[in-house]
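Have a look at the structure below before the remarks.
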Number of protein chains: 2
Amino acid sequence: MVKDEGWQSLSIRKIADAIEYSVPVIYDHFENKEAILMEIGKEGFKSLAKKMQQAKAKSTDPAGQLRVMADAYWHFAQKNKEYYQLMFGLGMPCCDVEKNLPEKMTVRSLFMDSINELIAKHQTPNANLCLKYHTLCSILHGLISIRMLSNSDASDTLNKLVLDDAINGFIKNLES
Amino acid sequence: MVKDEGWQSLSIRKIADAIEYSVPVIYDHFENKEAILMEIGKEGFKSLAKKMQQAKAKSTDPAGQLRVMADAYWHFAQKNKEYYQLMFGLGMPCCDVEKNLPEKMTVRSLFMDSINELIAKHQTPNANLCLKYHTLCSILHGLISIRMLSNSDASDTLNKLVLDDAINGFIKNLES
DNA sequence: TACATTTGCTAACGGTGTTAGGAAATTATA
DNA sequence: TATAATTTCCTAACACCGTTAGCAAATGTA
């Protein structure tokens with residue numbers, strides 16, 4: 001049901017219909033809609049943790065473990081898109097529907113030009129521009145969006161450190 | 001208005017109230033609610049692009065430019081939280097409200113233990129465990145969430161490459 | 001003045017989360 | 001077994017939502 005129409009169209013009434021009960025019985029089991037979503041989200045985290053544990057068991061050295069765990073995380077998100085959306089608050093209507101937004105291209109170019117210049121400067125021919133751009137975007141957006149949903153007001157200095165660390169790592173990789 | 005109660009509580013009727021017109025006049029100017037959000041999102045991208053251009057002008061070498069642009073991006077998201085949420089589809093109700101979800105801690109430990117081991121193995125005392133964990137999470141989550149909102153079905157192999165590239169860079173940084 | 005167009009409204013439709021209050025069925029008690 | 005207590009479940013409503021049909025008033029035009 002969610003897979004067909006997304007979380008936005010999941011209503012208490014539709015749930016009641018599906019389980020062939022009336023609406024108020026649902027409120028006998030859950031305080032409100034958010035509690036239902038929360039419960040499903042919990043299931044998601046449970047499943048993710050399991051997959052990652054299984055993955056980690058496949059490797060012994062820490063670097064290898066990190067790789068297989070990242071793989072497991074990735075595959076979980078891919079195979080359980082709807083769960084992942086719920087777990088991390090994704091899925092609000094947003095302006096990405098409009099792909100060719102000119103200002104988006106501006107941001108893209110600003111980043112890409114500098115990356116390209118850096119690649120040329122240090123003659124790192126193995127570095128793929130497009131790949132590196134996406135990596136940078138992921139680091140930035142990931143850091144910000146995670147910070148936003150766990151609105152940690154206090155640890156904002158830590159977050160800036162994480163940003164600097166990640167960007168430094170990104171640049172260092174481009175230079176070698 | 002959005003800043004006080006979030007995007008979820010922004011309704012056409014409230015907008016109509018605020019501008020002291022009736023509801024249907026809004027539909028004379030916008031096709032639907034999504035179009036309104038889209039327009040606001042556009043403004044956001046415009047503003048972000050501007051900030052990044054201004055930042056880039058402050059530096060000449062590409063590495064420095066990347067650093068100041070990342071900073072600008074970060075500060076934009078921080079100062080314009082609501083815009084950023086709209087621009088990247090964040091803000092759905094999710095289970096992060098419940099901070100101490102045990103399965104979340106499991107995932108955290110799985111990652112952290114391996115990172116810690118890797119740090120110990122290569123004796124990189126400058127590496128801060130907590131910092132590195134957050135960096136890894138950001139990379140993973142950023143990559144996945146960006147992939148999700150620009151649902152690029154075709155370029156899934158590229159995305160796997162980006163993931164591998166980013167994780168490799170992360171591990172390489174931990175080892176040196 | 002008479003017509004045409006724009007402008008804005010009221011009222012409705014079907015949907016949403018949520019809750020009050022009351023039947024019916026079950027269980028416990030005398 | 002008959003009555004009381006409790007659980008189970010539903011109908012109906014409230015207040016809100018996005019969206020639209022249809023109409024009145026104001027404005028511009030001939």
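Note on naming: letters A, B, ... go to the chains in the order of the sequence lines (proteins, then strands), and numbering restarts at 1 for each one.
The residue Leu10(B) sits close only to the backbone: its heavy atoms come under 4.0 Å of sugar-phosphate atoms, none of a base. In this structure, Ile15(B) reaches neither bases nor backbone, as no heavy-atom distance under 4.0 Å exists between it and the strands shown. Ser11(B) comes within 4.0 angstrom of sugar-phosphate atoms only, judged by non-hydrogen atoms across all strands, and of no base.
Minimum atom distance to the side chain of Lys33(B) is reached by dG18(D), of the listed dC9(C), dT18(C), dG18(D). Among the nucleotides dC9(D), dC9(C), dC17(D), the one closest to the side chain of Val25(A) is dC9(D). Closest to the side chain of Ile12(B), out of dT19(D), dC10(D), dC9(C), is dT19(D). Comparing dC9(C), dT18(C), dT19(D) by their nearest atom to the side chain of Tyr27(A) picks out dT18(C). Listed candidates were dT19(D), dT18(C), dG8(C). Nearest to the side chain of Asp28(B) is dG8(C). Relative to the side chain of Val23(B), the nucleotides dT19(D), dT16(C), dA12(D) differ in distance, and dT19(D) lies closest.
No more than 12 heavy atoms of other residues, nucleotides or ligands shown are found within 6.0 angstrom of OH on Tyr21(B). Remark: Lys51(B) NZ is loosely packed, at most 12 non-hydrogen atoms of other residues, nucleotides or ligands lying under 6.0 Å away.
Atom CD1 of Ile36(A) and atom C1' of dT16(C) are 13 Å apart (whole Å). Here the C1' atom of nucleotide dG17(C) and the CG atom of Leu37(A) are 12 Å apart, to the nearest Å. Separating the CD1 atom of Ile26(B) from the P atom of dT7(C) is a distance of 16 Å, rounded to the nearest angstrom. Computed from coordinates, the His29(A) NE2 to dT8(D) P distance equals 8 Å when rounded to whole Å. A straight line from OH of Tyr21(B) to P of dT7(C) spans 10 Å, rounded to a whole angstrom. Remark: C1' of dC16(D) and CG of Asp17(B) are 13 Å apart, rounded to the nearest angstrom. One atom, CD of Glu31(B), and another, C1' of dG18(D), lie 13 Å apart when rounded to the nearest Å. dT16(C) atom C1' lies 15 Å from atom CD of Glu5(A), rounded to whole Å.
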Salt bridge (Lys or Arg N to Asp or Glu O under 4.0 Å) between Arg67(A) and Asp164(B), worked out: CA-CA 8 Å; Arg67(A) 266 183 254 270; Asp164(B) 291 340; over 6 Å; no
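Residues Phe170(B) and Phe170(A) place their aromatic rings such that the two centres sit no closer than 6.0 Å.
Arg13(A) contributes a side-chain N or O that forms a donor-acceptor pair with the base of dG17(C) under 3.5 Å.
Taking the six-membered ring where tryptophan is involved, the planes of Tyr73(A) and Tyr84(A) are perpendicular, since the angle between them exceeds 60° and thus also 30°.
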